[in-house]
Asker: 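Can you read through this structure? Questions will come right after.
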Amino acid sequence: QVQLVESGGGLVQPGGSLRLSCAASGIIRAINAMDWYRQAPGKQRDWVATITSGGSTNYADSVKGRFTISRDNAGSTVYLQMNSLKPEDTAVYYCSAVLLGYRAWGQGTQVTVSS
């Protein structure tokens, strides 16, 4: 019912910033919350941030104070502003929508933090 497409990934130097976007289409009103996850090379997929339909947010300890999740309801887009990036942030970042009974996932976008 919902499709997600991430964009905005790329190569950035340590200390730099990137903003990821996730465009949602379909039955947007069915989305209860949207999340960002990431999976680093050789690692498990980890939760990064959540924004609910009511606008509340939550973050993993590893990104608190550096990342900001936001949602543009008019544009049906969720964003992840990433500041003070570290090499440890290198991962494929996935957008996920929480619906009744299941999650929708995007295809992922690569973020590489390296000098």
Asker: Run the side-chain contact (heavy atoms from CB on, under 4.5 Å) test on Val92 and Tyr37 for me, step by step, so that the C-alpha distance in whole Å, both residues' side-chain angles and the decisive distance to 0.1 Å come before the verdict.
Answerer: CA-CA 8 Å; Val92 177; Tyr37 285 75; over 6 Å; no

Asker: Quick one: pull up SG in Cys95 and OH in Tyr79 and give me the separation to the nearest 0.5 Å.
Answerer: 11.5 Å

Asker: Is any side-chain heavy atom of Trp36 less than 4.5 Å from a side-chain heavy atom of Cys22?
Answerer: yes

Asker: Is the shortest side-chain N to carboxylate O distance from Asp61 to Lys64 below 4.0 Å?
Answerer: yes

Asker: Which atoms form the tightest heavy-atom contact between Ala24 and Ile31, and what is the distance?
Answerer: CB-CD1, 4.3 Å

Asker: To the closest 0.5 Å, what do you measure between CE (Met34) and OG1 (Thr77)?
Answerer: 8.0 Å

Asker: Would you call Tyr59 and Thr68 a side-chain contact if the rule is heavy atoms closer than 4.5 Å?
Answerer: yes

Asker: From Asn58 CG over to Ile69 CD1, what is the distance, rounded to the nearest 0.5 angstrom?
Answerer: 10.0 Å

Asker: Does Tyr102 share a hydrophobic cluster with Val5, counting links as ILVMFWY side-chain heavy atoms below 4.5 Å and allowing steps through other members?
Answerer: no

Asker: For the residue pair Arg66 / Ser84, report whether a side-chain donor-acceptor contact shorter than 3.5 Å exists.
Answerer: no

Asker: Is it the case that Arg45 places NZ or CZ above or below the six-membered ring of Trp105, under 6.0 angstrom from the centre and within 45 degrees of the axis?
Answerer: yes

Asker: Minimum heavy-atom separation for Ala97 to Val2, with atom names?
Answerer: CB-CG1, 4.4 Å

Asker: Taking all atoms of both residues into account, what is the closest heavy-atom pair of Pro41 and Thr90, and its distance?
Answerer: CD-O, 4.0 Å

Asker: How about Leu20 and Arg38: do any of their side-chain heavy atoms sit closer than 4.5 Å?
Answerer: no

Asker: Counting only heavy atoms from other residues, nucleotides and ligands, does the tally under 6.0 Å from CD of Gln1 exceed 12?
Answerer: no

Asker: CD of Gln3 to CD of Gln107: how many Å apart, nearest 0.5 Å?
Answerer: 12.0 Å

Asker: Would Trp47 and Leu80 show up in the same hydrophobic cluster when neighbours are defined by side-chain heavy atoms closer than 4.5 Å?
Answerer: no

Asker: Would you say Met82 and Asp89 make side-chain contact, with heavy atoms under 4.5 Å?
Answerer: no

Asker: Identify the heavy atoms of Ser76 and Ile28 that sit nearest to each other, and give their distance.
Answerer: OG-CG1, 3.8 Å

Asker: Let me check something: do Tyr94 and Ile51 share a hydrophobic cluster, defined by ILVMFWY side-chain heavy atoms less than 4.5 Å apart, either directly or through other members?
Answerer: no

Asker: Can you name the nearest heavy-atom pair linking Asn32 to Leu99, along with the distance?
Answerer: ND2-C, 3.9 Å

Asker: If you measure from OG on Ser7 to OH on Tyr93, what distance do you get to the nearest 0.5 Å?
Answerer: 15.0 Å

Asker: Search all heavy atoms of Gly108 against all heavy atoms of Glu6 and return the closest pair with its distance.
Answerer: N-OE1, 2.9 Å

Asker: Nearest 0.5 Å, what's the CG-OG1 distance between Asp35 and Thr50?
Answerer: 3.5 Å

Asker: Are Leu4 and Val98 connected in a single hydrophobic cluster, I mean Ile/Leu/Val/Met/Phe/Trp/Tyr linked by side-chain heavy atoms less than 4.5 Å apart?
Answerer: no

